[in-house]
Structure formats: C-alpha cells, structure tokens
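Read through the structure below, which is laid out as structure tokens, and then see the notes.
Heavy atoms only: backbone and side chains are in, while hydrogens, waters and symmetry mates are out. Along the sequence shown, residues are numbered consecutively beginning with 1.
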Amino acid sequence: MSLTFHWFLPTYGDSRHVVGGGHGLPAGAAGGERPATLGYLTQIARAAEDLGFEGALTPTGAWCEDAWLTTAMLARETERLKFLVAFRPGIVAPTLAAQMAATFQRHSGGRLLLNVVTGGESHEQRAYGDFLDKDARYARTGEFLRIVRELWQGGTVDFAGEQLRVEGARLARVPDPVPQVYFGGSSPAAGEVAARSADVYLTWGEPPAQVERKIAWIRELAERAGRTVRFGIRLHVITRDTADAAWAEARRLLDGFTPEAISAVQAGLARSESEGQRRMLALHGGSTDGLEIAPNLWAGIGLVRGGAGTALVGSHTEVAERIAEYHRLGIDEFILSGHPHVEEAYWFGEGVLPLLRDSGLWRHPTAAGVGEPPAAVPFAAELAR
C-alpha cells in the first residue's frame, strides 16, 4: 500500500515566519505577509498537485476563511488534487452537510474528503450559536455522522437522538464516491466516535511511542465496534539537503518568537478544552529549551500556534526515515505543512518524496498502477526493514 501525503492550505495567511491562530486563540490572531487570496492559495494547491500530494487540508474556525467556499473555488483551478475540508457538525445541519458533500463530489469529479471537527473551544462554539458542552458536542457528532452516512446510502432517514432529530430526510442524489471521513481527538469521547464513524483517525505529531499507544487504543475500540480504521498524522515539516541547514531554518523560526508572543499564546492555549491541545502543550511546557522531543521531532511550532505544534526537522533522508518509522507503527496518511507553504511544499516534494518513491513506500498519484516501482536504492532497503 502506497503512503498518502496531503499538504495544507493556510486560509488565514502565510509568511516566512510561523503564522498564529488555531485552537484556543481568538479570531483575528492569524495573518501574515502573504494574504490568503484565491490567487496565492491556487499557487499552493497547484504546487501540491504537481508534486504528488493526494489532497490538501483546509482548516475551519473564526480565524480563517470558510473551507467549503474556498475549496469549491480552488477545485476549478486544479485538476486532480482532493480537498480535505474541515467543518463542524454543530454549525451545519446533517442533511444540509450531506447534500453539500454530494454537490461538491459531482462538480469536482469526486475530490472531496471530510475532516470532522467536533470543536474543543466552548467560547468559539458559542460565537456560532452552539452552547453545548464538550461531551454533548461529541455525542452530537456521533449522531450527525450516523445521519449523514445513512443519507449517503440513499435511504430515507428518520432519526431522533439526544441532540439531533430529522424526519423524512433524503438526498435527491447521493455522492459518488462517498467522501472519506477523517476524524481526530484524544479524549475518551472522541475515541468512541472515531471507532464507530471514522474512515481515518488523525493524530497530531506526538513522539512515536505516544502515537503507537494511541493507534492501539483506537484499533481496540474499532474492533469492538466491528470496524477497521486507517491512521493519519498531522505534522509540519522542515527538510533540507543537510541536517545543519534544516536545523538552521528551525532556529531562524524560533528567533522570530518574542517572549511576549510566546507568553500570550501559551496563556490562550492553556484555556483550551481540547485534550489534544493539552498533549501538545505538554511536549514543550512553554519553554524554548529542549524542543527536540524525539529524533527529528521539534515542538517549537506549538510555542506560538494552536493545534498541530510539531515539525519533522532534518535532512531529506532523516525526514524520510522518520516517516517510515511512523508508517511501521501503522500510519498510512501524512498531512504536512511548512512556512511558507509554497516553498516548503517543494523542499519536501523534491527532496523527500523521491526517496520514499525509490523505497517503494510511495508512488505519485498519476503513476499509480502504471509499471513497476523503481529499483530500490540503499536508502530504500533501510526503510523497508
């Protein structure tokens, strides 16, 4: 099975420095020297498509542009790239969301993937009119996905749950193909929803030992539910021709973090209700010391940004080795990003992906099923062990 790589669309702006925003932070916290215009996002999307990324994650929140509308526009500017659209069940009704997904699939040629985000921040949910607490939000997500999946099967749905109710719901046309559902969360409630409803369970970039335990946890829950789940990981990446050059870039980014900015962001993130965010904070503790928390895994991004806060840093060979290590644990999909997103897509796409291709772990989507994989090189033999 070939590994799958996705890139990221910074619909809040981009920069040669780390752009803030994300979990626990207020609206308006994001920005950058490169505004998130349709033209700039098109540059990123086309670069990702050419380099061989399968899709691109588009975030959701008050601090970025709307994911549905942005990706619908970008679908006209690309040919193959899929769009992993993040959205929140509490804001869009299940029947409407199922209909939107079906429409997107028809008009894009089946290029929609869905990242279901329950929402870990009550203050932001309330701004959208959602006043449920965290546990109730997870219960609603489970009901939401049940309704949506039944609608996608073409049936008429009558459902009365604790949080959601629909009567006589039906789609005029079902999506073809049915979008894959990506879902992440580190709390017990999140695990139950993932086991019952997710196609791909996503984790943020924790050290391999922690990721291994999380995979085992979700696998067990899914087996109890009579299901199997695939696994993906969300990471930033800084890869260069040499390790020294990559770490120099990490230090340049770190030098741009003022103590005041770190303090302000960490204070905001400390109020987050997200268990995943709590785990991210524990990796660095708000300190700029000891940020390499595992070989080539750097926690510096999380000092000034919510959500995914770790990056793979190193030479192309080292980054490829770390990817192979996560794959051996059970990770098959990688959602990556870097600052700025155009340049870092090329560093990874031209530096790391060829190594993974030569190892037999990855194939460009346009080459899938054509011919045999290239002959392995010494590095490939090492990865395959």
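For CZ of R80, the number of neighbouring non-hydrogen atoms (other residues, nucleotides, ligands) closer than 6.0 Å is greater than 12. Heavy-atom contacts from other residues, nucleotides or ligands closer than 6.0 Å to CD of E79 number 12 or fewer. The environment of K82 atom NZ is sparse: at most 12 non-hydrogen atoms of other residues, nucleotides or ligands sit within 6.0 angstrom. Heavy-atom neighbours of R106 CZ from other residues, nucleotides or ligands within 6.0 Å: above the threshold of 12.
In this structure, D158 contributes its side chain and G168 its backbone to a donor-acceptor pair below 3.5 Å. A donor-acceptor contact shorter than 3.5 Å links the side chain of S287 to the backbone of D289.
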For this session: Begin with the C-alpha distance, continue with both residues' side-chain angles, and end with the deciding distance and a verdict on side chain to side chain donor-acceptor pair (under 3.5 Å) for R88 and Q125.
Result: CA-CA 9 Å; R88 303 183 186 191; Q125 295 296 126; 2.9 Å; yes
Exercise. Taking it one step at a time, do E150 and R146 satisfy salt bridge (charged side-chain N to carboxylate O under 4.0 Å, His left out)?
Worked result: CA-CA 6 Å; E150 289 187 17; R146 177 177 170 180; 3.4 Å; yes
Exercise. Can you check ring-ring contact (aromatic ring centres under 6.0 Å, His included) on H6 and F334, steps first, answer last?
Worked result: CA-CA 6 Å; H6 307 276; F334 294 79; 9.8 Å; no
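To the nearest 0.5 angstrom, S337 atom OG is 11.0 Å from F348 atom CZ. Separation of atoms CD (E33) and OG (S15) is listed at 3.5 Å; rounding is to 0.5 Å.
In the hydrophobic clustering of ILVMFWY residues, with side-chain heavy atoms under 4.5 Å counting as a link, L254 and I238 come out together. Hydrophobic clustering keeps Y138 apart from L132 (ILVMFWY residues linked when any side-chain heavy atoms are closer than 4.5 Å, directly or through intermediates). Taken together through direct or relayed side-chain contacts under 4.5 Å among Ile, Leu, Val, Met, Phe, Trp and Tyr, L283 and V211 form part of one hydrophobic cluster.
Aromatic ring orientation, F5 versus W362: perpendicular (interplanar angle above 60°, classes split at 30° and 60°).
Ring centers of Y201 and Y182: at least 6.0 Å apart, outside the cut-off.
Nearest heavy-atom pair across H236 and A308 is NE2-O, 2.9 Å.
Residues V313 and W247 form a side-chain contact, since some pair of their non-hydrogen atoms from C-beta on lies under 4.5 Å apart.
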